[in-house]
Novice: 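Please read through the structure below; I'll follow up with questions.
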2 protein chains.
Amino acid sequence: MQTSAFSPHDHSRCITSAIGHAKSLCADRGVKLTPVRQRVLELVWQSHQPIGAYELLASLAKEGFNSAPPTVYRALEFLSGQGLLHKLESINAYVGCCNPDTPHQGHFLLCQDCHQAQELDSQYINLALKVSADQHGFKIQRHTIEIVGTCEECLAQSTALEPTP
Amino acid sequence: MQTSAFSPHDHSRCITSAIGHAKSLCADRGVKLTPVRQRVLELVWQSHQPIGAYELLASLAKEGFNSAPPTVYRALEFLSGQGLLHKLESINAYVGCCNPDTPHQGHFLLCQDCHQAQELDSQYINLALKVSADQHGFKIQRHTIEIVGTCEECLAQSTALEPTP
DNA sequence: TTGACAGTTGTTATAATATAACATAGCATT
DNA sequence: AATGCTATGTTATATTATAACAACTGTCAA
């Protein structure tokens, strides 16, 4: 089962679990989760919000890692190739993937107040995309589905603040 | 009715009609379709593929327009604010909007062979997005829906070339 | 052992995309 | 003419991403 990214939760457990998962997954696949790759994945998960490449780079630099742009972009490329994270195209930022075992591309809810992202993988949306594509004889390879708005928690807060419109 | 962007068609009529439409729409709204704005819109429509800001800028420069980046970004901002074009976030490129009267955000089929884009506005997809968002108590403001793959025409071509796999 | 390779990382430079900030110009209304 | 608003010009810089090539590391086989 899955918690919402928007709700308060013990995020350190998310990180630990995501890293453990990534390790075994890479071992199974015979690919290397090298120190810099692992650290980038940790940093992505540590962030409560989608994080940009240059912000990651700054953190790596502070920790003594090599800190030229290719370092972080290579790590991001590897991790996204392994399905361990997703890039959010509309904000040029990266988020950890909750379900890296099965190759997929998620759908994302992006809250413009708290700037958190929630990954979905709605079969309903997938079906709607497939139907539309089929109608045009279009064969889907991949997609970018990013929904921007306000999450439940932030909505509740703003209504609490302005009870009478 | 609407032709597919992927199918052969008299594209000059698309342009003329789009510009005419834009003119009357701007007049109605009391906003100015200035020469540079109009020219950017024409260039976007003239391109058979989504076109990048700096490519537009190069064309403007050749035609004697001012050619610093803000010029084209301002025009793009105006045009997209009026719903006359859309930005494709996954490829940083811009396409004309077929239906600028009703504010909306389309869904896009992007062919990775011919690099053309087809705008959809499927109620089926909109509904699926709404249902998913509602399930999470999420209020949608806007979205980015970009489906990458192969269009019908390019699929037909590639099957014609490789009849027996 | 060594040498050949594949994969990874280091390094430098640069490309591609986008915006900030402030000055100037045009034009409508007072 | 003076005022204010919108649009444009101009310079500089921020942000995001990749090219190209050199150096290192481990593995496996000759």
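Throughout, a chain's letter reflects where its sequence line sits, starting with A, and its residues are numbered from 1. Remember, it's a predicted structure, so these values are computed and weren't measured experimentally.
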Novice: Could you state the atom-to-atom distance from CD of B:Gln82 to C1' of D:dT6 in whole Å?
Specialist: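 It is 14 Å, rounded to the nearest whole Å.
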
Novice: Taking all heavy atoms of A:Ala53 and all of A:Leu76, pick out the closest pair and write down the distance.
Specialist: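 Minimum heavy-atom contact is CB-CD1, 4.0 Å.
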
Novice: Go nucleotide by nucleotide along DNA chain C from the 5' end; which of A:Asn66 and B:Gly52 gets its closest nucleotide reached first?
Specialist: A:Asn66

Novice: For the residue pair A:Leu85 and A:Tyr94, what are the closest heavy atoms and their distance?
Specialist: CD1-CD2, 4.2 Å

Novice: Output yes when A:Arg39 and A:Glu42 qualify as a salt bridge under the 4.0 Å nitrogen-oxygen rule, no when they do not.
Specialist: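 Judged by the 4.0 Å cut-off on N to carboxylate O distance, A:Arg39 and A:Glu42 do form a salt bridge.
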
Novice: So A:Tyr73 and A:Tyr54, would you call those rings parallel, tilted or perpendicular, with 30° and 60° as cut-offs?
Specialist: perpendicular

Novice: Do A:Phe78 and A:Cys26 make a side-chain contact, defined as non-hydrogen atoms from C-beta onward lying under 4.5 Å apart?
Specialist: yes

Novice: Going by atom types alone, do B:Thr144 and B:Glu89 pair a side-chain donor with an acceptor below 3.5 Å?
Specialist: no

Novice: Separation of A:Leu88 atom CG from D:dA17 atom P, in whole Å?
Specialist: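 It works out to 11 Å between those atoms.
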
Novice: Specify the closest pair of heavy atoms between A:Ile147 and B:Leu129, including all atoms of both residues, with the distance to one decimal.
Specialist: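 Taking every non-hydrogen atom into account, CD1-CD2, 3.6 Å.
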
Novice: From CD of B:Gln38 over to P of D:dA7, roughly how many Å is that when rounded to an integer?
Specialist: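 It works out to 15 Å between those atoms.
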
Novice: So which of residues 55-65 of chain B are in contact with DNA chain C, with a heavy-atom cut-off of under 4.0 Å?
Specialist: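 Close to the strand, none.
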
Novice: In chain order, what residues pass the side chain to side chain donor-acceptor pair (under 3.5 Å) check against A:Asn126, with sequence neighbours excluded?
Specialist: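 Expected list: A:His107, A:Asp121.
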
Novice: For each nucleotide in nucleotides 18-30 of chain C, reading 5' to 3', give B when a protein heavy atom comes within less than 4.0 Å of its base, S when such contact involves only the sugar-phosphate, and - otherwise.
Specialist: BBBB---------

